[in-house]
Amino acid sequence: MSLLNVENLTIDIAHPRGTLHAVRGVSFHVEKGETLCIVGESGCGKSLTSHALLGLSPRVAKVEAGALSFDGTDLRRLKERQWQKLRGLKMSMIFQDPMTSLNPSFTIGSLLEEVYMRHHPGGRSAARARAIEILKKVGMSNAEERLHQYPHQLSGGLRQRVMIAMGLICGPDLLIADEPTTALDVNIQLQILRLMQQLKEEMGLGIIFVTHDLGLVARFADRVAVMYAGRIVETAPVAELFANPCHPYTRALINCIPVPGKTRPGEPLGAIPGVVPSLIGPQSGCAFRDRCAHATPLCARALERKRDGAAHVYECHYTPEETAA
Amino acid sequence: MLAFALKRLGLTLLVLVSVSIITFSLVRLAGDPAIALAGPEATSEEVEAVRTAYGFDRPLPAQYATWLGDVLKGDLGFSNILQRPVLEVVMERLPVTAKLAGLSVLFALIIAIPLGVVAAAKRNTIIDRLALSIAVVGQALPNFFFALVLILVLGVGLRWLPISGDKTFLHYIMPAIALGYFATPAIMRLTRAGMIEVLDSDYIRTARAMGLPRSRVVMKHALRNALIPVVSLTAVQLGFMLSGSIIVESVFSMNGIGRLGWQSIQRTDLEVMQALVLIISVIYLALNYMADLLNGLLDPRLRVQ
Ligand SMILES: Nc1ncnc2c1ncn2[C@@H]1O[C@H](COP(=O)(O)OP(=O)(O)O)[C@@H](O)[C@H]1O
Ligand SMILES: [Mg+2]
């Protein structure tokens, strides 16, 4: 049994010009101790999907799923109170902007202790000890002193470490990280990702790592789900995906990754021509067809999932050989 | 925090000096104080005699220095009309107004903050609109009219509360409601706007993602940040009530400084008016200073440069 199992997740949002079909039948699973990367361009529905896993969908969103289970619990049946017991304790989430994601009015210590005490009734001293322990674990020096600092006194990278500490203080089984390093500069970005990698191994954590940066995926994922316009168009173990991409969109994304030594400084980065289609109103066929060099009239017809080996699934009317450039 | 407090104190003192200069000039510009003192029937020799006796012939800066020295020693002058020291007259009346203003603000906060929080939590629903209506009635009704309604209902009709005077705590209830209700809409709207903004912020999403219960998210994580601007507004409202209580004090026959100011205008008692302007300004600045300090305590980001 998977740690997290999502089947046919759809998220609709009411829009003045009709229904926005933001997420259209997404299925994936995450195992204990595994990093699943969800990768895709901005606006393809990554944040809506990841928020839905914690019951944090915006009020305007209508969420439905064929199955949504975590560690044997059917998440679709949970009441708000039951969600609250799960969040922070069994699964946690960290967010993109560490500058705004920590409450500016409280010290690091009180923020961390509050989360621990919420899920472990008992004294403040146990919470304090645990806060120090987790701060050390996320690689913060002078943990005792940090407890008394306010978020604004820390750099972006340190704040994101505090966010991770908050997410992990109760020892959850699943950590959802929605673009956790997008707001940080490149060096700090790699430090934070290595830290997550290391914690995953130490704590046996399942991680959902959401990003728009396929370059990071190559280094940190175990498995990858490529999202486009509200659907997962291809999913495969990381090595397999890069060695044998089957969907034209995946290939286009891979071609956009700058290669050290080959991409010269100043040269414009590759970009996929065209724009993402509007998801307002009824949708049919392959959403990538307007931007795909291999598109034919057949591509407007309903899609089916194809397999290429046991763990490699993609959604294209054509085989990789047919669409190879 | 100490550096923050000292810096704000310096600014406050600077404003205080300007205020004292303005107050001093006001009276000098209002007319020739020598003529006012000597009386309408005095000959020009008598006026000149008064002028030299009181030092009005000296240069203005020198006169200001003397006046300021007296003020700092607690000598606010002598009211020729009441034949009593001004400080004594004002101090007799100040506690009434201070109590009235304090109770009014308390009333306003007790009504406005819960209304603002509920309205924000249930934004764009019937409850939100209802909360706003309750608050806005206070501003739509003129002060004196609302006071009269209170008197008619609670005083004359139900006979629950005394309708005039300032002897007991009960005397303050209706005036405080009448005055405080007027401040309710502004505080309520600011609380609502602040809460809506904060509830949409990333750190509220973080608090929810960590499993904190909704009540705690709203009352601890959101309210504390939403109230930061409300503190400053409350200080302003309190200062406003100190000087703006003329109507309410008159309707309820309370002997506060609002009524004293009105009486002093009627009998052109310049000395008392000057003292009132100065004292109200000082209180106003002190309130704002305290609001700054409170903000510094609430918002750690303000404490550093
Ligand atoms: N609260 C919301 N209200 C209306 N539309 C939303 C809301 N959240 C997301 N959307 C829309 O849903 C789509 C997917 O958004 P999102 O999941 O944030 O994308 P991503 O995280 O991949 O960049 C976008 O078109 C976005 O405009
Ligand atoms: Mg996003």
Side-chain angles (χ1 to χ4, degrees), chain A residues 47 50-51 53-59 80-108 110-112 114-120 148-153 159 162-163 165-170 172 175-178 183, chain B residues 1-4 117 119-128 191 194-232 291-305:
Chain A
S47 292
S50 46
H51 282 73
L53 304 179
L54 266 183
L56 291 175
S57 300
R59 249 181 268 184
E80 177 59 23
R81 290 200 166 265
Q82 296 166 304
W83 271 117
Q84 286 169 7
K85 293 208 176 111
L86 204 72
R87 293 182 198 133
L89 180 62
K90 299 281 185 196
M91 53 170 146
S92 288
M93 184 155 182
I94 62 175
F95 303 97
Q96 177 166 343
D97 193 349
M99 306 316 255
T100 56
S101 292
L102 294 170
N103 194 327
S105 293
F106 297 96
T107 59
I108 306 306
S110 72
L111 289 173
L112 289 172
E114 183 181 26
V115 176
Y116 187 79
M117 289 195 293
R118 156 71 182 144
H119 297 290
H120 303 83
H148 304 289
Q149 290 186 313
Y150 287 93
H152 72 265
Q153 294 170 300
R159 286 192 217 188
V162 172
M163 268 305 302
M166 243 173 127
L168 298 184
I169 192 165
C170 295
L175 180 71
I176 301 166
D178 187 4
Chain B
M1 189 66 199
L2 189 64
F4 171 78
V117 170
K122 306 269 176 204
R123 75 185 95 155
N124 303 330
T125 64
I126 299 277
I127 296 175
D128 182 11
T191 307
M195 281 299 281
I196 285 180
E197 192 189 320
V198 171
L199 283 173
D200 262 344
S201 68
D202 288 352
Y203 58 81
I204 291 302
R205 182 179 59 182
T206 302
R208 294 189 63 210
M210 298 302 155
L212 301 185
R214 185 150 178 82
S215 55
R216 197 173 174 87
V217 172
V218 172
M219 300 313 289
K220 181 178 165 189
H221 286 262
L223 189 57
R224 174 172 176 143
N225 289 295
L227 282 187
I228 290 171
V230 174
V231 170
S232 310
D292 277 349
L293 291 191
L294 203 52
N295 271 343
L297 286 178
L298 282 174
D299 186 351
R301 286 168 301 178
L302 289 180
R303 284 178 229 156
V304 286
Q305 301 314 317

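Within every chain, numbering begins at 1; the chains are lettered A, B, ... in the order of the sequence lines, protein sequences first and strands thereafter.
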Any donor-acceptor pair under 3.5 Å from [X] side chain to [Y] backbone:
X      : Y      : value
B/T206 : B/D202 : yes
A/R118 : B/G211 : yes
A/S101 : A/P98  : no
A/H119 : A/K90  : no
A/R87  : A/L54  : yes

Heavy-atom distance under 4.5 Å to chain A: side chain of [X], backbone, both or neither?
X      : value
B/R224 : side chain
B/L298 : backbone
B/R214 : both

Chain B contact via [X] - side chain, backbone, both or neither, heavy atoms under 4.5 Å:
X      : value
A/E80  : side chain
A/L111 : side chain
A/L89  : neither

Quiz item: What distance do A/R159 atom CZ and A/H152 atom NE2 have between them, rounded to the nearest 0.5 Å?
Solution: 8.5 Å
Quiz item: Any idea which of A/V115, A/N103, A/T107, A/L56 has the most non-hydrogen atom pairs under 4.5 angstrom with chain B?
Solution: A/N103
Quiz prompt | Options A/K85, A/M93, A/M166, A/E114, ranked by heavy-atom pairs under 4.5 Å with chain B, top entry | solution = A/E114
